[in-house]
Amino acid sequence: MKELMLGNKAFARGLYEAGCSVVSSYPGTPSTEVTEEAAKYDEIYCEWAPNEKVAMEVAFGAALAGKRSFCGMKHVGLNVAADPLYTLSYTGVNAGLVICVADDPGMHSSQNEQDSRHHAIASKVPMLEPSDSAEALLFTKEAFKLSEEYDTPVIIKMCTRVAHSQSIVEKSERVEVTKEYEKNIQKYVMMPGNAIKRHPFVEERTEKLTELAEDCIFNTVEMGSDEIGIITHSTCYQYVKEVYNDNASILKLGMVNPLPVKLIKDFASKVKRLVVVEELDPIIENHCKALGLNVNGKDLLPITGEFSQNLIAKCLTGKVPYSKSLDEELPVRPPVMCAGCPHRGLFYTLTKNKVTVLGDIGCYTLGAVAPLMAIETTLCMGASVSSIHGFNKALGKDSENKTVAVIGDSTFMHSGMTGLANIAYNQSNSTVIILDNSITGMTGHQHNPTTGYNIKGDPAGKIDLEALCHALGFERVRVVDPYNLEECDNAVKEELAVDEPSVIISRRPCALLKSVKHSGPIDIDKDKCVGCKMCMKIGCPAISIRDGKAQIDKTQCVGCNVCAQLCKVGAICQGKEEA
């Protein structure tokens with residue numbers, strides 16, 4: 001049966017049809033929907049893990065036990081999971097183990113633009129790369145076979161366009177696969193004496209996989225004109241097809257590690273000009289050059305950003321296909337925290353008190369933009385908590401009473417706990433603020449260990465943040481409501497003033513949660529409003545100035561009343577409770 005599917009949904013369908021039994025992932029755009037869709041199949045056990053390292057280790061345990069398993073993450077998540085990945089390459093698997101990593105060229109929702117093919121090369125693990133939804137399903141099923149045949153984890157690299165575009169897929173039935181677990185200390189216990197014996201196995205496996213790459217379903221040749229031959233991959237293949245139609249010969253590489261040798265040389269011998277079209281780093285291009293081939297690539301195409309049909313046409317042909325633009329320029333719509341976002345009041349308090357704020361990964365990173373401009377650093381998951389310790393150790397009293405770290409509840413569970421333990425252990429006078437909005441907000445409201453619910457929304461184990469912080473060695477742990485500006489102001493001033501580490505938990509559920517009941521929208525008394533624009537300082541998208549007076553967009557306002565607390569003349573009326 002055929003169906004139009006998102007790439008991520010097709011990937012999940014591939015997991016189902018391949019007989020995958022255990023899925024453990026951490027949400028990260030653009031990979032999140034793979035696990036969310038897999039969770040809809042009762043035959044697959046699915047979970048959100050605290051972080052990607054844990055997810056990969058769970059998947060390893062399930063594969064070791066004899067059940068096909070999967071873990072999914074975005075590209076920066078593979079950095080977190082690199083520790084188990086590189087040794088998994090040595091141990092190999094029992095039942096198949098497939099890893100999804102979704103890259104984000106163009107950085108639509110990421111802090112960097114790294115190319116995950118480097119991890120596949122460095123860990124010496126095979127990597128497949130589908131170019132549409134149909135291949136996402138097919139490659140997933142084939143990856144499990146590859147994993148078991150070659151005794152290796154297999155990485156499938158998605159990207160934003162493949163993950164979130166739709167194409168037709170052909171569905172089939174599920175095939176159950178189970179392997180018997182056998183104790184094998186030499187294979188699975190990676191102490192030096194055993195590991196040194198496994199390394200030659202990895203090298204031999206790479207040679208066998210290279211031979212496979214010469215003639216396999218993942219790598220295909222489409223001969224057209226011999227004037228130009230293009231070697232490409234992923235969505236770049238789709239763009240090249242649209243630009244050239246049949247006026248070019250194409251070698252599409254679906255297995256991007258290891259890369260073939262004979263296949264590429266043979267293809268190059270049949271064309272007059274050879275060009276590599278690949279997003280981000282010149283990995284295929286450098287491979288071709290190492291083979292002694294004369295090839296164009298990054299001398300014509302950019303090494304940064306996401307490609308498109310027009311970009312490829314302009315760079316390779318000098319012509320841009322006909323396109324039509326709007327007569328009027330659309331107004332700029334900068335990213336901003338949602339109306340009623342619980343983080344807004346806390347960030348306003350920090351800005352008002354001129355506090356240096358070390359930030360973390362989450363939607364609250366928007367606290368860095370105008371008018372709040374509160375956050376001054378964002379590095380990686382958990383870095384705010386570790387960074388404030390180093391910052392305060394470096395500057396001592398000069399920074400301790402005016403610097404805080406902020407981190408979300410999900411990010412804290414991901415990798416903030418170890419940083420907090422470091423503060424308690426090595427004793428810097430640091431104040432950490434946990435922004436507890438009761439959900440993983442940035443990636444679309446996934447549950448985490450602090451919410452008390454699992455991936456299906458059923459009751460689950462719940463971590464008590466206050467008890468956890470106390471257990472990590474903090475005597476001062478307090479909870480504030482970020483909608484209460486006076487409470488936030490008092491807490492920030494008091495905790496920065498004390499001479500010991502402290503934690504503030506800013507607790508208020510995300511305003512977009514369906515379970516949250518809001519007050520009615522607030523009103524503006526036009527006669528009282530003096531146009532001072534104090535209410536604009538919190539950057540709420542529901543507030544604007546028209547004809548010199550504040551105005552509330554009642555379709556956006558949730559009645560949080562944070563702006564009312566800023567109004568010196570009482571022009572903002574309290575919202576009425578919704579029925």
Side-chain angles (χ1 to χ4, degrees), residues 50 342-360 362 364 367 374-377 381-438 448-452 462-509 562 565:
H343 306 321
R344 182 174 282 109
L346 192 282
F347 282 139
Y348 170 78
T349 301
L350 295 173
T351 299
K352 184 186 75 168
N353 286 286
K354 298 181 179 179
V355 176
T356 298
V357 182
L358 306 186
D360 224 289
Y364 50 88
I375 289 179
E376 299 181 37
T377 67
M381 299 282 273
S384 64
V385 185
S386 305
S387 296
I388 191 174
H389 175 74
F391 195 85
N392 286 338
K393 282 293 185 182
L395 297 179
K397 295 295 183 182
D398 291 337
S399 69
E400 289 175 348
N401 65 349
K402 58 184 179 183
T403 305
V404 303
V406 296
I407 186 169
D409 52 324
S410 179
T411 309
F412 178 73
M413 295 308 302
H414 180 284
S415 50
M417 292 184 287
T418 48
L420 201 65
N422 191 46
I423 291 173
Y425 176 54
N426 288 304
Q427 287 294 296
S428 65
N429 181 18
S430 300
T431 298
V432 175
I433 302 176
I434 301 175
L435 305 172
D436 182 7
N437 65 351
S438 307
N448 66 66
T450 71
T451 67
K462 178 178 171 65
I463 302 295
D464 184 322
L465 283 175
E466 295 95 305
L468 175 60
C469 292
H470 281 304
L472 286 170
F474 283 73
E475 297 293 330
R476 299 185 65 89
V477 180
R478 66 194 292 178
V479 179
V480 299
D481 179 358
Y483 280 0
N484 188 325
L485 295 184
E486 183 179 2
E487 184 180 20
C488 289
D489 191 59
N490 290 337
V492 168
K493 287 177 178 176
E494 289 171 13
E495 297 311 318
L496 285 175
V498 298
D499 192 23
E500 65 176 294
S502 61
V503 173
I504 301 172
I505 301 173
S506 174
R507 178 168 289 146
R508 169 71 69 157
V562 171
Q565 298 170 60

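Note that the coordinates shown come from a computational prediction; the quantities given were computed from them, not determined experimentally.
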If we ignore angles and hydrogens, is there a donor and acceptor under 3.5 Å between the side chains of [X] and [Y]?
X    : Y    : answer
S430 : H389 : no
D409 : T450 : yes
S438 : T451 : no
N392 : S399 : yes

Any donor-acceptor N/O pair, [X] side chain to [Y] backbone, under 3.5 Å:
X    : Y    : answer
N429 : E500 : yes
T431 : V404 : no
N448 : P50  : no
D360 : S384 : yes
Q565 : Y483 : yes
E487 : V480 : no
K402 : V355 : no
E494 : A491 : no

Going from CE on M417 to CG on L468, what distance comes out if it is rounded to the nearest 0.5 angstrom?
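Going from the CE atom of M417 to the CG atom of L468 covers 6.5 Å.
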